[in-house]
Amino acid sequence: MGRGRVQLKRIENKINRQVTFSKRRSGLLKKAHEISVLCDAEVALIVFSTKGKVFEYSTDSCMERILERYERYSYAERQLIAHDLEQNGSWTLEHAKLKARMEILQRNQKYFMGEDLDSLSLKELQNLEQQLDSALKHIRSRKNQVMHESISDLQKKDKALQEQNNVLAKQVKEKEKELLAEQAQWDIQHNQTLDTSSILPQTLLPLDTIGTASYQAIRSSEREDEARPSRHRANAVLLPPWMLSHLD
């Protein structure tokens with residue numbers, strides 16, 4: 001049969017208890033050595049027997065250094081816990097203060113709205129009235145200031161728009177002048193073209209437009225001029241030389 005699970009309770013038999021202590025102590029020291037070698041951990045083990053005898057194990061025999069490190073860590077942890085407790089206490093106190101202040105502000109808001117005024121005395125009502133008058137003065141002053149600033153901004157915008165309008169009007173006038181100059185130049189060129197077209201038909205007038213009588217008279221005079229030289233030539237040929245000399 002296999003070993004059963006040992007019940008974890010104090011061994012009543014003194015001899016058995018001493019034997020178990022010796023065995024478990026050796027195993028515990030062995031496990032501490034193994035974990036320090038395998039995991040490169042710093043281990044410090046201290047065991048006191050029932051008779052007050054001490055058994056210890058430390059990595060590389062540096063028990064004092066490990067204990068000092070443990071003390072520093074324990075002190076820092078205690079300080080952190082104390083700070084957390086103090087901070088929690090301060091947060092609790094701060095929460096109570098903020099809650100009381102919020103209740104006062106809510107109550108004052110109701111007073112300013114004219115609610116729950118029955119519990120106020122005459123002096124408290126007078127103080128409330130003075131606070132409301134002062135608040136109204138500040139509100140009116142701020143309102144007037146905002147109105148003046150708005151009017152000033154509108155005046156500046158109006159002035160800027162007027163300047164922009166003047167610039168645009170000036171540009172429109174300059175554009176109109178340019179268009180008028182172009183129109184005048186175009187009219188001059190058009191008139192010159194019309195004058196040239198009205199002169200050319202008179203110089204190049206065809207013969208068909210001349211009167212028939214004038215044309216016939218011109219042609220008859222040309223025929224006469226052509227016939228005269230031929231007659232002189234005929235006479236020159238027919239007359240003898242002595243007559244020509246006598247005529248001279």
**Q.** Side chain proximity check, L29 to R25, heavy atoms < 4.5 angstrom
**A.** yes
Q) Roughly how far, to the nearest 0.5 Å, is OG of S22 from CZ of F55? A) 7.0 Å
Q: Check for a donor-acceptor pair, side chain of N144 on one end and backbone N or O of R140 on the other, with a separation under 3.5 Å.
A: yes
Q. Atom CG of L38 and atom NE2 of H33: how far apart are they, to the nearest 0.5 Å?
A. 8.5 Å
Q.
Check this for me: E149, atom CD, are more than 12 non-hydrogen atoms of other residues, nucleotides or ligands nearer than 6.0 Å?
A. yes
Q) Is there a donor-acceptor pair closer than 3.5 Å between any side-chain N or O of T59 and the backbone N or O of V43? A) yes
(Q) Could you check whether any side-chain heavy atom of Q18 comes within less than 4.5 Å of a side-chain heavy atom of I15, counting everything from C-beta outward? (A) no
Q: May I ask you to test the F21-V47 pair for a side-chain heavy-atom distance under 4.5 Å?
A: yes
Please table the atom pairs, donor to acceptor, closer than 3.5 Å between any side-chain atom in residues 174-186 and protein atoms at least two apart or in another chain.
from: Q183; atom 1: NE2; to: D187; atom 2: OD1; distance (Å): 3.4

**Q.** Heavy atoms from other residues, nucleotides or ligands near OH of Y70 exceed 12 (cutoff 6.0 Å)
**A.** no
Q. Just how far is it from atom CD of E163 to atom CG of L161, taken to the nearest 0.5 Å?
A. 9.5 Å
Q: Work out which heavy atom in M63 is nearest to a heavy atom in A44; give both atom names and the distance.
A: SD-CB, 3.7 Å
(Q) So for atom CG, which belongs to N166, do other residues, nucleotides or ligands contribute more than 12 heavy atoms lying within a distance under 6.0 Å? (A) yes
Q) So do R17 and R10 actually touch side chain to side chain, heavy atoms under 4.5 Å? A) yes
**Q.** Summary of side-chain hydrogen bond (donor to acceptor under 3.5 Å, both in side chains) pairs that have at least one residue in residues 120-129, sequence neighbours excluded
**A.** none
Q. Partners of V54 by side chain to side chain contact (heavy atoms under 4.5 Å, CB included), sequence neighbours excluded?
A. I46, F48
**Q.** Spacing of CG belonging to N165 relative to CD belonging to Q162, to within rounding of 0.5 Å
**A.** 8.0 Å
Q) When rounded to the nearest 0.5 angstrom, what distance separates NZ in K31 from CG in L45? A) 13.5 Å
Q) OG1/T20 to CD1/I11 distance, rounded to the nearest 0.5 angstrom? A) 3.5 Å
